Trainee: 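Mind looking over this structure? Questions follow.
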Amino acid sequence: MPELPDVEIFNRLVLGQCCARTIAQAVIRDHGILQGIPADALQARLKGEPIRSSARYGKHLFILLRAGALTMHFGTNGSLRLVLRDGSEPPYTRLRLDFDDGDRLAYVNPRRLGGVGICDSVEQFVAQLGLGPDILDAAFDLKAFTAVLAASKRDIKAVLMDQRVMAGLGNIYSDEVLFQARIHPDTAAGNIRGESAVRLFSAMHETLDTAIRCGAGAERSVERLPKDFLLPQRHRGGHCPRCSTALATAKHAGRTSYYCPRCQPN
DNA sequence: TTAAGTGTTGCTCT
DNA sequence: AAGAGCAACACTTA
């Protein structure tokens, strides 16, 4: 679930609630989520460290420290929760940052896909993983987008989800974007040109902006989404929010795609 | 009851 | 050498 909009909400939580707070101690509840750093080293690295800022790149979150950053990836159903002094720790908390004022930041990850680590800088981390441009980065403009499409013969669904091509979309939001742009997931990326490329580019931005504005990933955020969003109907037996046609499913890059066979003609 | 499905990434294999 | 396939995980549904 945590794709670009969800991670952006976590980013804003840290920016708004955690900046300038100091980590009294880091409690590692599950060593299995540590990526490339031993538990004692991470604890030592975070102890007494003030949180300077926060940043997001694609689906990755960076909690910026005095030097370097704590990196977080949320896998399929991870989240970030601020727990007040007297609050109780959420289930499946894998890492907890205890601030010196008693509040705590909980990295929750039931399925334990994804994890946390330390990096020197966002740029270094992005280069190391070979991530493509963040989709909301202004530098990734229509021209860059159409160039990427033209260079690929794969189906558009696989291209939108490929983090090395562009970073931020997963299975759910790539379905949403294609639905909004009325493009069939099977369409060869290289065949999307001109007006339909513009439509796809716009849908990508509008869908992500709208999801962020509705508080993606947060409690009951689905209820706040516009009526024409596919997401709430994106399940077996779901219907198109526009024309009520039964949604179709197919496999792309090994993942299940949901689409409207009527609104998204092949 | 067992088996498949879900979601993302990284590895292996072709 | 791009891209398919699977393993990793925990939990739910058929």
Side-chain angles (χ1 to χ4, degrees), chain A residues 1-11 28-37 56-62 71-81 89-95 106-117 119 125-135 147-179 185-191 207-208 211 216-218 221-222 230-238 247-259:
Chain A
M1 279 249 269
E3 303 179 24
L4 189 153
D6 314 82
V7 180
E8 181 56 28
I9 297 301
F10 302 149
N11 183 35
I28 299 162
R29 308 296 310 270
D30 180 348
H31 291 202
I33 54 114
L34 301 183
Q35 296 177 330
I37 186 168
R56 179 196 59 73
Y57 192 106
K59 305 175 188 176
H60 297 268
L61 183 69
F62 301 84
T71 67
M72 293 183 168
H73 190 279
F74 299 93
T76 59
N77 60 350
S79 63
L80 211 49
R81 295 261 306 271
E89 182 182 299
Y92 307 109
T93 296
R94 308 298 181 184
L95 170 68
Y107 169 83
V108 179
N109 195 339
R111 276 171 223 180
R112 304 171 72 214
L113 295 179
V116 302
C119 73
F125 181 90
V126 166
Q128 191 175 332
L129 266 69
L131 297 176
D134 182 89
I135 293 177
V148 156
L149 295 183
S152 179
K153 297 177 131 167
R154 307 156 77 188
D155 57 69
I156 185 61
K157 176 70 191 282
V159 173
L160 291 179
M161 284 194 298
D162 190 339
Q163 304 301 297
R164 294 163 308 176
V165 173
M166 58 187 111
L169 293 182
N171 199 20
I172 291 180
Y173 280 100
S174 54
D175 275 359
E176 187 67 57
V177 165
L178 289 171
F179 175 74
D186 273 344
T187 312
N191 287 342
T207 300
L208 293 176
S221 62
V222 172
L230 177 71
L231 209 153
Q233 281 297 315
R234 197 189 170 284
H235 53 75
R236 253 193 359 275
L247 296 180
T249 60
K251 291 278 183 191
H252 296 97
R255 328 285 295 287
T256 303
S257 302
Y258 286 77
Y259 64 98

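Letters A, B, ... mirror the listed sequences (proteins, then strands); counts begin at 1. Please read these numbers as outputs of a predicted model, since none were measured by experiment.
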Trainee: Should the ring pair F10(A) and F74(A) be called parallel, tilted or perpendicular, given that the plane angle runs from 0 to 90° and is split at 30 and 60?
Mentor: tilted
Trainee: 5'-most contact on DNA chain C: R236(A) or P110(A), nearest heavy atom basis?
Mentor: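 Here P110(A) is the residue nearer the 5' end.
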Trainee: Just jot down the side-chain hydrogen bond (donor to acceptor under 3.5 Å, both in side chains) partners of E176(A), sequence neighbours excluded, or say none.
Mentor: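 Listed in chain order: Q180(A).
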Trainee: Quick one: does L169(A)'s side chain get under 4.5 Å of D162(A)'s, heavy atoms only?
Mentor: no
Trainee: Using a cut-off of 4.0 Å on non-hydrogen atoms, how would the nucleic acid contact of G75(A) be classed: base, sugar-phosphate, or nothing?
Mentor: sugar-phosphate
Trainee: Rounding to a whole Å, what distance do you find between K153(A):NZ and dA4(C):P?
Mentor: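 Going from K153(A) (NZ) to dA4(C) (P), I get 14 Å.
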Trainee: Please report, rounded to the nearest Å, how far the P atom of dT6(B) is from the CG atom of D175(A).
Mentor: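 From D175(A) CG to dT6(B) P: 11 Å.
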Trainee: Determine the minimum heavy-atom distance between S174(A) and G170(A), stating which atoms define it.
Mentor: OG-O, 2.6 Å
Trainee: Strictly under 3.5 Å: I want the nitrogen or oxygen pairs between protein and nucleotides 9-14 of chain B, one per line.
Mentor:
unit_1, atom_1, unit_2, atom_2, d
dT9(B), OP1, H73(A), NE2, 3.0
dT9(B), OP2, K59(A), NZ, 3.2

Trainee: Tell me what G170(A) touches on the nucleic acid: a base, only sugar-phosphate, or nothing, going by heavy atoms under 4.0 Å.
Mentor: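 Sugar-phosphate, no base atom in range.
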Trainee: For N77(A) and dA10(C), give me the distance from atom CG to atom P, rounded to whole Å.
Mentor: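 My rounded result for the distance is 11 Å.
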Trainee: Of the listed nucleotides (dG7(B), dA14(C), dA10(C)), which one gets closest to any side-chain atom of R112(A)?
Mentor: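 So the nucleotide nearest the side chain must be dA10(C).
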Trainee: Does any non-hydrogen side-chain atom of R56(A) lie less than 4.5 Å from one of I9(A)?
Mentor: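 I9(A) vs R56(A): side chains apart.
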Trainee: Which whole-number value in Å describes the distance from L4(A) CG to dG7(B) C1'?
Mentor: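 Distance check: L4(A) CG to dG7(B) C1' gives 16 Å.
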Trainee: Answer with yes or no after comparing the ring centroid distance for F62(A) and F125(A) against a 6.0 Å cut-off, counting only values under it.
Mentor: yes
Trainee: Could you state the atom-to-atom distance from CZ of R29(A) to P of dA10(C) in whole Å?
Mentor: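 About 15 Å, once rounded to whole Å.
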Trainee: How many Å lie between NZ on K251(A) and C1' on dC6(C), as a whole number?
Mentor: 13 Å
Trainee: As a test of reading the structure: which of dA10(C), dA14(C), dC9(C) is closest to the side chain of Y92(A), going by heavy atoms?
Mentor: dA10(C)
Trainee: Is R29(A) atom CZ crowded by more than 12 heavy atoms from other residues, nucleotides or ligands, each under 6.0 Å away?
Mentor: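 At most 12 heavy atoms, drawn from other residues, nucleotides or ligands, come within 6.0 Å of this atom.
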Trainee: Start at the 5' end of DNA chain C and walk down; is the nucleotide closest to D155(A) or to R111(A) reached first?
Mentor: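 Nearest nucleotide further toward 5': that of D155(A).
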Trainee: Among H60(A), M166(A), R164(A), K59(A), which residue satisfies the side-chain contact (heavy atoms from CB on, under 4.5 Å) criterion with L131(A)?
Mentor: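 Only match with L131(A) under side-chain contact (heavy atoms from CB on, under 4.5 Å): H60(A).
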Trainee: Quick one: is dA4(C) close enough that its OP1 or OP2 comes under 4.0 Å of any side-chain N or O from R154(A)?
Mentor: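 So the side-chain polar atoms of R154(A) never come under 4.0 Å of the phosphate oxygens OP1 or OP2 of dA4(C).
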Trainee: Without decimals, in angstroms, what is the distance between H235(A) NE2 and dT12(C) P?
Mentor: 18 Å
Trainee: Hey, is the side chain of T256(A) poking within less than 4.0 Å of OP1 or OP2 on dT6(B), counting only N and O atoms?
Mentor: yes
Trainee: Give R234(A) one of three labels, base, sugar-phosphate or nothing, depending on what nucleic acid heavy atoms sit under 4.0 Å from its own.
Mentor: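 Since only primed, P, OP1 and OP2 atoms lie under 4.0 Å of R234(A), the category is sugar-phosphate.
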Trainee: Taking the side chain of T76(A) as its heavy atoms from C-beta onward, which of dT6(B), dG7(B), dC9(C) lies nearest to it?
Mentor: dG7(B)
Trainee: Choosing from dC9(C), dG7(B), dT6(B), which nucleotide comes nearest the side chain of I172(A)?
Mentor: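 Comparing dC9(C), dG7(B), dT6(B) against the side chain of I172(A), the answer is dG7(B).
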Trainee: Starting at CD of E3(A) and ending at P of dG7(B), how long is that distance when rounded to a whole Å?
Mentor: 9 Å
